[in-house]
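Notes follow the structure.
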Number of protein chains: 2
Amino acid sequence: MTTTDSGAQHTVRSRRAASSGKDPQRRERIARAAITVVAERGVDKVTHRAVAAAAGVPLGSTTYHFATLDDLLAVALEQAAQDNVAQLREWAKALPAGQDLAAALSDLVLHFLGPERKRTVVEHELYVAALHRPALQQASTEWDAALRDLFTSYTDPVTGRMLSAVFCGLLLQGVVRDPMPERDEIEMIFRRALGHSGRT
Amino acid sequence: MTTTDSGAQHTVRSRRAASSGKDPQRRERIARAAITVVAERGVDKVTHRAVAAAAGVPLGSTTYHFATLDDLLAVALEQAAQDNVAQLREWAKALPAGQDLAAALSDLVLHFLGPERKRTVVEHELYVAALHRPALQQASTEWDAALRDLFTSYTDPVTGRMLSAVFCGLLLQGVVRDPMPERDEIEMIFRRALGHSGRT
DNA sequence: ACCGTTCTTGTACAAATGTACACCAAGAGG
DNA sequence: CCTCTTGGTGTACATTTGTACAAGAACGGT
């Protein structure tokens, strides 16, 4: 009765890879479990035990694959950042050439505040967690570098930076607010930022 | 030797109010100490003991004035938010009537990223901490409501919201980046957001 | 002077947590 | 078949943490 979690995990784990002693996906699965813990309970609730429970692995598994907790956090959040950037690049690739930029950006914001809200929450927790954890600063820097490059490639350097700031601000304000902001409001803001016409 | 901190605190505390048993500023001093702990070590390092050490009071004092840790965090961060809003209002009051808005906003951003960087860090830690702590959401909401009102009062509703998003985004990106952004870069961004002229 | 109220403090204790470590399991090489 | 290496697991233990609590100190009212 000392480790109450281990028992339940055993049941979950026995679903897959119960017979083989090797599981190359273990490490990644644990990292992803850490991300979900951040999304659901916050970055300060990321403990070896919480992550192990979320991943369906015993406690010893997390300490085996990640020497220290900071390693786990760094790898997990770096992965989250990469996922997010990849998602942004996909969005950019799927964007039609002559598309109304303000409308497209509004879609993107609503996408990140709605279906992908959890991922957005994780990204922002990572962002401020990096303020006091040097190991995470690189991932944060890479994130808004990717953001700037993306927006710059559709306009110009100054406008790109401006748009990334607007985007970042809208996301930050949007995740905290209870009701999601209206689509019209977002779009008007982007149109105003782009100079009343909304087209470049 | 059980509570190593208590001894040292005694020395610090005896500087002031050592004779009187009542100290009406105690509560506020503890709350402010919590803010400095957030600024210097992050919101997840806010413990009764860390705050007590920072405030120069014994451990029992923090548990007396704040029943639970969430109370302490809520009061402290609410106070930080109020300070920040008050600072914004002061800035607005001191702003000359016909001032170049883009230049003034750039000054404000640089002020928050430079001399007031710690306060900015605290504000953002509060902001994302509210994502998983309902007790803090009110303070966060009030913060960007004040921000919107402030900027709206100098322009119009849509532009005000847009500016608050830009402001928020620039601050967030600015606190994480190692070197502070250049003044020219900030100002150009604001001018571009305000429609190339930078004047309203 | 006495008492009750409020403030203050030192200490205690259970729960949670990071991490170490001693055992299993399975396959490779002989 | 034996063994050695590597992956995996359960448990133990010291530390940190939140919180409770008993005892003391100052002050106001009577």
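Numbers restart at 1 for each chain; the letters A, B, ... are given by sequence-line order, proteins then strands. What's counted below: heavy atoms across the whole structure, side chains too, no hydrogens, waters or symmetry copies. Not measured: the values here are computed from a predicted model.
- In terms of position along DNA chain C, the nucleotide closest to K45(A) lies nearer the 5' end than the nucleotide closest to the other residue of the pair K45(A) and G60(A).
- Comparing dT9(C), dG18(C), dT19(D) by their closest approach to the side chain of T63(B) singles out dT19(D).
- Between atom CG of residue L150(A) and atom CZ of residue R89(A) there is a gap of 7.5 Å, rounded to the nearest 0.5 Å.
- Regarding R49(B), its CZ atom lies at a distance of 13 Å from the P atom of dA20(D), rounded to whole Å.
- In this structure, E185(B) pairs ionically with R177(B), as a charged nitrogen and a carboxylate oxygen lie closer than 4.0 Å.
- Looking only at side-chain heavy atoms (C-beta outward), R191(B) and D100(B) come within less than 4.5 Å of each other.
- Between the CZ atom of R41(B) and the P atom of dT17(D) there is a distance of 9 Å, rounded to whole Å.
- Between H65(B) and dT8(C), a side-chain N or O to OP1/OP2 separation shorter than 4.0 Å is present.
- Between E123(B) and R119(B), no side-chain nitrogen of the basic residue sits less than 4.0 Å from a carboxylate oxygen of the acidic one, so the salt-bridge criterion is not met.
- Here the P atom of nucleotide dT19(C) and the CG atom of L72(A) are 10 Å apart, to the nearest Å.
- Note: CG (D70(A)) to P (dT17(C)) measures 16 Å, nearest angstrom.
- Distances shown here put a side-chain N or O of S61(B) below 4.0 Å from the OP1 or OP2 atom of dT9(C).
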Does the side-chain contact (heavy atoms from CB on, under 4.5 Å) test come out yes or no for F190(B) and M162(A), once each step is laid out? CA-CA 8 Å; F190(B) 274 122; M162(A) 187 271 286; over 6 Å; no
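- In this structure, the CG atom of D71(B) is 13 Å from the P atom of dG18(D), given to the nearest Å.
- Among the nucleotides dT9(C), dT19(D), dT17(C), the one closest to the side chain of T47(A) is dT17(C).
- For Y64(B), the side-chain atoms get nearest to dT9(C) when compared with the rest of dT9(C), dT19(C), dT19(D).
- Separating the CG atom of L73(A) from the P atom of dT19(C) is a distance of 11 Å, rounded to the nearest angstrom.
- Picking from dT19(C), dT9(C), dA12(C) the nucleotide with the shortest atom distance to the side chain of L59(B) gives dA12(C).
- Between the side chain of R26(A) and the base of dG7(D), no donor-acceptor pair under 3.5 Å is found.
- Rounded to whole Å, atom C1' of dC7(C) lies 14 Å from atom CZ of F66(B).
- The separation between D44(B) atom CG and dT17(C) atom P is 13 Å, rounded to whole Å.
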